[in-house]
Every structure is written in C-alpha cells, then in structure tokens.
Amino acid sequence: MSAIPSVPRSARTRSWWGWGYTDAHPDDAECTAMGALLPGTLARPLPIPRIDDLLIAPPAVTPPPSLAHLVNDDPRARAAHAMGKAYRDVIRALRARPGRIPDLVAHPTCDREVADLLDWAGEHDVAVIPFGGGSSVVGGVEYRGDAHRAVLSLDLTSMDRVLEVDTAGRSAHIQAGALGPVLEEQLRPHGLTLRHFPQSFEFSTLGGWLATRAGGHYATVHTHIDDFVQSLRVITPAGAGTSWRLPASGAGPSPDRLFLGSEGALGVITEAWMRLQERPRHKASASVAFTDFHRALDAVRAIAQSDLAPANCRLLDAGEALFSGASHDGSSVLVLGFESATGPVGDRLASAVDLARAHGGRAEMPPADRAASGGEAGPAASAGSAVSAWRSAFLRMPYLRDGLARMGAVVETFETAATWDKIPALIDAVRTEVGAAALKITGHPATVNCRLTHVYPDGAAPYFTVAVAGRPGDEVEVWDDIKAVAGEILHRHRATITHHHAVGRDHRAGYDLQRPEPFALALRAAKDALDPYRILNPGVLLD
C-alpha cells in the first residue's frame, strides 16, 4: 500500500452561473444561431450575469475565531455556491434571481474540522449544505425557505487526496472532495482507475457521486457508483463512523446503504475505500442505425440480456441522433462500445452488432479492435463518424443548453428507469404528453427527444430532452409546469422519479410517492437520530 501526492487543479476558470468553464461557453453569435432554430426565442441573447448585479446581504452570523480560517464570506464565493447547474439554476442566474445565497462558505481540510463546523452550526441554527463540485441538477445544493438563521455551504474540495492505494486488492482510500480528474490523476501511476465517468466528471466529486448514487461510465453491469464502494466514513452531528472495509458481507443491513444516496441529509461523507480496475487497453465501438425505433428497443433488450456486457449501449432516437450529428436521415442510432484491460474485444462487439442486425439494424462500420487511447472523458469511442459525433455532442450539450437559455428557451432533461414491459409505452407517453403540455403552456411547439443511457436485463433508463421557447421572465415556472406533467407520467407508468440524478428538492414530490411508507418512517427516525438539530441539507429527501 502507498500514499499518493496531491495533484494541482485546472487553472481554467469555472463559471459561477452556468456549466463548466467560462472559456467553453457559446458566444453571442452562436447563441443567436441556435435560437433561430427554435421558433419563439429571443432576438438576442440575455447578457452573461454578473455577481456585482446581485443583491447579496451581509452574513447573518459570524464564525468563532477557532473556525474563522476555514470560512469565507466573499460575495463571489457565496454566489458560486448558491445553486447547482440545472436549467432552472442557470435561468435564475440569468434573470438575477438566484434565491437564498449562503451566508458563508467553509473549506474544511480534515474530519475534525468538518465535525467542528457541524457542532457550531447546530448550536447556532445554521443550515449546512454539503457541496462537492456543485453540479447538482435537482436542487440538491441550495437552500430554500427561511427556517434557519443562516446558511453555510460546506465545500469539501480541499479534501481531495488519494490517501492510500492497495494494489493487491485493487482498491484505494480516497477523500470525498476529490474531483474526477484529480482522483484519476492520482490513480494513474498505479495503472488503476475508478472508471466512473458521469457527464459531470470534470466538475463533480467522489463524495457527490456517493451521496447521489450517481450513474457513470458503464451502460451495463456496473452502472452506479454503489458497485465500487468497499466502505464509507461519515461525519454526522451525532458522531463519526466508518464501515468495515470488506469485499462482501451478509451481516445485517449494510451501513453504507444508509448513506449512499442520502444527499448530505444524514451526514457528510468524507472518505471512502473504492474498488478499482486496471486501465483498459483494448476498445472497440460501432454504431447501428434503425428505421424503426421500437425494433431498436428490441435489439437493445437482446444485447442487455446477453452475456456480452458492453461498456456503452446508448440508443438515440431520431431526434437525438439528428441533434448530435449521429444521423441525418431520420434513423435512430445505437452506439455500442466494448473495452477490456486483458484482451481484444472485437469478437464481443461483432456479436452485439449481429444481434442488432437481427432486429433490422444497419451497422455503419465493421467492428474493429484498437488499443485504448487513454482518454478519460467518456465511454469507449472510435473513429466512426456517428460514434465520434455522439461523443462530441455528449460533452458539449450542457454548454449548448446554457446558450439556448440565454435565448429564453426552456431546455432541460429528465431521466428515469422502468422494466422492459413498460418502456415502449412510457417513451411514447412522454413524447406525446410532454410535447402537448409544453405547447399548451408556452404556445410554441416543443421538441422531446429520448435516448437510453443505461440498460439492464430487466429494464432500461430512458433519458429525455425537452426544448421549447419559453415565456420571457417566466422560464422557471414554465419548466416546473412541464416537469410536473412528466412526473405524473412517470408515476403512472411505475417508472422511477430518477435513475441517477438524485432526488434533491426538485424530485421530492415524486420520491414521496415512490418510497414505501414504512421506509419513510425509518428514514425520518434516522434523520432525528443523526441530525437532531435538523441542520443538514434541509428539504432534501424529507422535511
């Protein structure tokens, strides 16, 4: 076992109001060109918001001298920690209505400091919002309401070290504040990787992935961060605890399961032992086009129920394929990718392509194995035009969404999962009913696209994108109304309110309907026991 030196962070500037880096945002001309494709949008883009234009009140509390070195009350830091990166967050910033801005931002560097901050907050009625990379798209890192005297954003990104690597057991002890690139750079010298690459990889942390049960790189088998957890260390107002590091255990309910997905409402995850993998040395990918989307669904189900286990198995409907540049002839496109650290994967890809062809698919390119390039920003890709186009669009899409938001458009996504017997009707209902609702609410036709991001032998995870011209000044209300219609459809079809984006505050109504009442009672009891002052991320998961 060995410790790993820390890694410098990127020198690029993060956007306080939108996705990613400021130098990657579309300029005014690109925003205008995109808006011209969506009837009813603004003639010119809204200006990029400035923190100086926000009304930021002085902090309502002052930390004691013993904690003052950990706490920042700078208006820029406070504004950057006020919201996540959902569409409703972006448009609120553009309209200079970000909601309640935290009074203070804390940057602890160790468990003791986290515990001290929680003790002080509990004694002084200060709500504590755990904050990793701030990439939440469900209202998970903001404070709503006025029940607390003040709000503290607890930023863990100073706790970003890989503390220890067990090469024999292929696992690592990692602090929860490590952003994706920082984490992977520390594992690279060992030839190991966590291989968890959500779309937010650059801008989210290990602790955030764990607290939200994030979905990542793999479309099959190891689809969620849960699969890689050996043990967790959690700091709560009631005390600290660490689960045993074990390959598996049948000793009662798992303590880790209590905190995975708890979204900072029960405790602050500060460290974890995570299972690692050897870095892949073989990759192969292909795309398959379908004229019939429902036959494409059958092809994906056949692949998911085989033993092939593709790393990437994403089905884009015709609209999604057109938007990403993967297809221009009205076809749906299945993007397949395989990878391995031990041997060629071309045969597995060929078998998957054969299954797709048996359901009417047309392969764009012959399967071809290749050496891995070492890229870390997403699933296996190749030089194939459809695969490359999709991958580029996948990484660029959040920036384009923000550009369209500047044009007054409502552009957002939601995702779910359901069993295969419900998937076709669910997708059809969302397209039809959400599209009709958006037209009724805005007076403009909407685009509703779908892709499958993760697939299982018993079901799949559809991911929907909605784009429509909004009502100037009322964009948040428009999206909330559309999202309410979507939530009703999901509930009616017994589809989960979220497959991997978490509950946050935006999904509370759907989550309350989905969870069994005895479990809700147990969750409330856990909250009372672990957070007796009710300061941890109030409003998330439960009241």
Side-chain angles (χ1 to χ4, degrees), residues 195-197 215-224 226-228 277-278 280-317 320-321 326 331-370 372 378-382 384 386-387 390-391 415-427 450-463 495 499-500:
R195 204 99 187 118
H196 181 80
F197 299 122
H217 168 72
Y218 291 102
T220 66
V221 187
H222 300 300
T223 59
H224 281 70
D226 313 31
D227 300 320
F228 304 116
Q277 304 166 64
E278 293 182 38
R281 291 186 286 273
H282 302 270
K283 294 183 180 181
S285 60
S287 65
V288 185
F290 294 83
T291 56
D292 186 325
F293 181 73
H294 286 91
R295 292 200 70 189
L297 288 174
D298 292 338
V300 172
R301 178 164 52 86
I303 293 169
Q305 292 175 346
S306 72
D307 60 357
L308 296 172
N312 192 11
C313 187
R314 282 167 168 77
L315 176 62
L316 319 178
D317 72 3
E320 192 80 8
S331 297
S332 300
V333 174
L334 172 60
V335 178
L336 289 167
F338 289 80
E339 61 187 41
S340 171
T342 57
V345 293
D347 287 348
R348 288 161 58 200
L349 177 60
S351 295
V353 169
D354 286 345
L355 283 173
R357 283 175 172 150
H359 290 83
R362 309 183 312 277
E364 178 197 34
M365 51 178 283
D369 203 354
R370 64 186 179 89
S382 77
V387 177
W390 166 79
R391 184 175 184 273
E415 38 74 51
T416 184
T419 51
W420 281 117
D421 61 314
K422 298 180 175 66
I423 287 292
L426 169 65
I427 293 174
C450 176
R451 67 181 185 266
L452 301 188
T453 62
H454 301 76
V455 296
Y456 305 89
D458 53 347
Y463 193 113
H499 172 262
H500 60 266

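All values below come from the heavy atoms of this structure, side chains included, with hydrogens, waters and symmetry mates left out.
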Would you say Asp458 has more than 12 foreign heavy atoms packed within less than 6.0 Å of its CG?
->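 Yes - once you tally the heavy atoms of other residues, nucleotides and ligands closer than 6.0 Å, there are more than 12.
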Can the ring centres of His196 and His222 be said to be less than 6.0 Å apart?
->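 Centroid separation for His196 and His222: 6.0 Å or greater.
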Could you label the plane-to-plane angle of the His500 and His224 rings as parallel, tilted or perpendicular, counting under 30° as parallel and over 60° as perpendicular?
->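 Rings of His500 and His224: perpendicular, as their planes differ by over 60°.
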Asp226: salt bridge (Lys or Arg N to Asp or Glu O under 4.0 Å) partners, not counting sequence neighbours |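 If we apply the salt bridge (Lys or Arg N to Asp or Glu O under 4.0 Å) test to Asp226, skipping adjacent residues, the hits are Arg213, Arg257.
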Set of side chain to side chain donor-acceptor pair (under 3.5 Å) partners for Arg362, sequence neighbours left out |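 Counting only residues at least two positions away or on another chain, Arg362 forms a side chain to side chain donor-acceptor pair (under 3.5 Å) with Ser331.
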Measure from the side-chain N and O atoms of [X] to the backbone N and O of [Y], and report whether any donor-acceptor pair falls under 3.5 Å.
X	Y	value
Arg348	Leu308	yes
Trp420	Tyr456	yes
Arg451	Tyr463	no

Leu452 side, atom CG; Ile427 side, atom CD1 - distance, nearest 0.5 Å |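 Those atoms lie 5.5 Å apart.
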If we only count heavy atoms from C-beta on, is the Val335 to Ser285 side-chain gap below 4.5 Å?
->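 The answer is no; the side chains never approach within 4.5 Å.
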Are any non-hydrogen side-chain atoms of Arg195 and Tyr218 less than 4.5 angstrom apart?
->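 Yes - at least one pair of side-chain heavy atoms lies under 4.5 Å apart.
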So among His282, Lys283, His217, Arg281, which one has a side chain to side chain donor-acceptor pair (under 3.5 Å) with Glu339?
->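 The option that passes is His217.
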Can you check side-chain contact (heavy atoms from CB on, under 4.5 Å) on Leu316 and Trp390, steps first, answer last?
-> CA-CA 9 Å; Leu316 319 178; Trp390 166 79; 3.6 Å; yes
Atom of Ile423, atom of Pro462 and distance for their closest heavy-atom approach |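 Heavy-atom minimum between the residues: CD1-CG, 3.8 Å.
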